[in-house]
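Residue numbers begin at 1 in each chain, while the letters A, B, ... track the order of the sequences. What you see below is based on every heavy atom in this structure, not just the backbone, and it leaves out hydrogens, waters and symmetry mates. In this text the structure is predicted, and so the values were computed from the model without any measurement.
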Amino acid sequence: MINRRTFLASSAAVAGAGILGASAGRTLAADPIKLGSILDTSGAFDAYGKPMDMALRLAVDEINAAGGLLGRQVEIVAYDTQSDMALYTQYGQQLARVDKVDVVHGGILSASREAIRQTLRKSGVPYFYNVLYEGGVCDRNITVIGVTPSQQVEVLIPAAIKKWGKKIYVLAADYNYGQITARWIEKFAKDAGGEVVQTDFFPLDVADFGSTIAKIQGAAPDIVVPALVGGPHLSFFRQWAAAGMKSKIPMASTTIGIGNEHKVLTAEEGDGILVAYNYSPEIVSPANEAFLKAWTAKYGNTDQIHEIAVSHYQGIHVWAEAVRKAGDVGRDKLIGAIEGGLSFEGPGGKVLIDPKTHHAVLDVHLMEMSGQKLKVLESFTQRQPSDTQGVCDLAANPDDNTQYEIKI
Amino acid sequence: MDLAAIFAVEILYAIASLVVISSGLAVVFGMMRVINLAHGEFMMVGGYATIVAVKSGINIYIAMLIVAPIVVGVLGVIVERLIIRRLYGRLVDTMLATWGLSLLLIGLASMIFGNTTTGISPPIPGFAIGQYQVNGYSFFIILAAVAILVAMFAVLAGTRAGLVARGAMQNPAMASALGYNPERVYMLTFFAGSALAGLAGGLFAPLLGLVPTIGSAYIAKAFITVISGGASVIAGLVSSAVLFGATSQIFTLATTPMVGEIALLLIAIVLLRLLPQGITSRFFRGAM
């Protein structure tokens with residue numbers, strides 16, 4: 001039996017509960033910040049993409065465990081592009097227009113970066129590309145955390161020339177990365193008194209290098225420099241060792257090791273190859289120790305960690321720093337923070353963002369493969385991305401939207 | 001001079017690899033007129049069979065030369081019983097069915113092994129010719145190609161089974177009247193063709209990074225070789241493999257690998273324009 005008094009009391013209670021519930025809901029479940037991820041976690045490039053995805057999840061876990069950003073949790077919206085460049089265009093649009101993410105991290109091959117860069121720029125979604133690449137991208141919407149030729153090739157090639165001799169034979173993947181990097185190799189070889197005697201380009205699905213190995217012997221170079229990319233190209237190193245060339249002509253590579261190739265190849269196949277990257281698990285620093293410990297806690301062991309997984313991890317933390325500093329996830333304030341001398345102490349050393357190019361100033365280490373590990377020979381602290389700095393000034397031309405290429 | 005020897009080895013190797021890749025298809029298409037679009041995937045299965053066998057401790061030669069052909073041969077028999085035998089004489093339907101089969105095999109391999117690259121190292125070390133090095137495994141492929149051709153010729157020309165198979169292909173009704181079951185002959189021929197595809201997959205496994213989609217890298221070359229060869233199974237296979245292998249390799253060595261591939265395709269187009277029935281429609285006519 002309901003009389004007027006009890007009815008009023010109960011309906012007031014219901015209404016009160018409703019108001020309380022609504023307000024509690026609003027503070028607890030503040031909309032998460034959406035982080036779009038676009039990586040090849042299957043297919044020919046999965047050796048690069050899978051550890052990058054692991055690094056992404058570790059970084060986001062760390063950010064969320066520390067209370068998120070601006071009181072909001074970070075939520076990952078991830079797509080696997082299956083090593084298919086066509087899927088980048090599709091998922092890039094999906095992230096920008098359907099999922100309406102606040103930032104996109106990802107893209108591995110330079111071809112994939114160029115496939116999504118314009119879409120993200122037009123949609124006003126800030127984009128972080130966290131991979132070693134050929135340099136020259138000048139676009140305020142993008143931030144590049146990876147190593148560029150003036151940081152890597154400029155260290156690697158003179159060291160190889162000093163060690164082994166002047167004649168260089170270049171093998172490069174046949175797309176923008178390989179084509180442009182081959183020209184940088186030529187430039188830095190010339191600057192160091194060396195000479196590129198021949199450059200061969202290979203489509204990404206080529207896996208038989210028999211005739212190339214014969215040709216190289218015909219040219220008799222002092223050094224072979226492979227800038228090869230992906231699973232099929234890995235066959236080169238195997239066939240090179242199988243032909244007994246390992247002891248005849250030494251190698252310096254701009255790409256091997258990025259996808260943990262030194263752990264896939266046997267020690268006999270990999271030993272002695274010279275490389276230069278931002279990261280080696282052997283680096284001794286508090287940041288690296290903490291990183292290795294966190295990775296082990298999440299994944300059991302550190303076998304999967306590689307150069308661009310660490311780059312990706314650093315890229316995500318740099319973005320998080322920028323959000324904290326800007327107090328906003330929106331594009332304009334975020335870019336303001338990026339251009340305000342942003343830096344992050346990562347496992348690969350200090351990452352400082354150069355405001356004029358949106359590229360990173362990084363430590364680089366000259367390393368040699370030895371027993372399936374990267375042994376550090378010499379370290380170069382805080383190298384500038386001078387290749388891009390020479391052509392790009394976003395402070396003077398904020399509307400620039402070009403990838404500059406080196407001319408020889 | 002030594003360099004010429006190295007280049008000669010590479011040219012021979014290119015020819016041999018075309019023979020190895022195409023021999024299974026030559027048997028299936030050349031004899032049975034069945035277009036097996038899953039040929040590349042049969043090779044892929046052979047490659048995975050080899051890698052799985054090696055990783056479970058079986059000797060690599062047994063894995064390549066015995067395990068891979070048997071696994072793929074049995075797969076071929078199952079496919080023939082379930083699909084192909086219902087479609088004999090229906091060229092387009094067979095193409096469609098085997099294309100579907102190739103997608104199914106790629107999907108299954110991706111599910112089982114993951115869409116990722118796996119591989120094993122070649123078992124033969126390189127050695128020196130003068131001051132130059134060659135890949136010892138190239139010689140193994142060349143030997144294997146010769147062995148495959150000799151075995152095919154011996155079986156087709158020298159044994160009763162080969163005679164019956166050729167007879168049943170030419171005139172199934174007559175073979176049947178003489179007491180041979182054409183169904184059985186078809187099945188065994190398809191087994192042989194599939195086993196050769198499996199052998200090819202096994203032989204190439206140590207040279208490549210294997211992915212579930214590797215078949216597409218072979219299928220075009222295999223078809224170009226077999227179709228350009230024409231009606232004679234062995235003479236056609238050898239003549240077109242020599243032509244294409246030598247051309248592509250000479251261009252590769254003189255310029256770049258890209259030009260080599262283009263040269264191969266160009267010469268195939270010109271050849272098929274001039275000799276639509278293949279090389280053996282004009283040369284080596286009536287050869288095996």
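With a 4.5 angstrom heavy-atom cutoff, Asp200(A) touches chain B only via side-chain atoms. Interface remark: Ser17(B) contributes no atoms to any contact with chain A (heavy atom separation under 4.5 Å). Proximity to chain A (any heavy atom under 4.5 Å) is restricted, for Glu10(B), to the side chain, taken from C-beta onward. Contact annotation for Lys248(A): only side-chain heavy atoms (C-beta onward) come within less than 4.5 Å of a heavy atom of chain B. For Ser138(B), no part lies near chain A; criterion is any non-hydrogen pair under 4.5 Å.
The two residues Ile129(B) and Ala5(B) make their nearest non-hydrogen contact at CG2-CB, 4.1 Å.
Of all the listed residues (Ile213(A), Asp208(A), Val264(A), Leu234(A)), the one sharing the greatest number of non-hydrogen pairs under 4.5 Å with chain B is Asp208(A). Among the candidates Ile124(B), Ile120(B), Thr256(B), the residue making the largest number of heavy-atom pairs closer than 4.5 Å to chain A is Ile120(B). Here Gly231(A) is the residue among Pro232(A), Gly231(A), Ala241(A) with the most heavy-atom pairs under 4.5 Å with chain B.
Between Lys373(A) and Glu368(A), none of the side-chain N atoms (NZ, or NE/NH1/NH2) sits under 4.0 Å from a carboxylate O, so this pair counts as no salt bridge. Salt-bridge annotation for Glu269(A) and Lys246(A): absent, with no side-chain N of the basic residue lying under 4.0 Å from a carboxylate O of the acidic one.
Between Tyr13(B) and Phe139(B), the distance from one ring center to the other does not fall under 6.0 angstrom. Between Phe236(A) and Phe202(A), a ring centre-to-centre spacing not shorter than 6.0 Å is recorded. A distance below 6.0 Å separates the ring centres of Tyr61(B) and Phe140(B).
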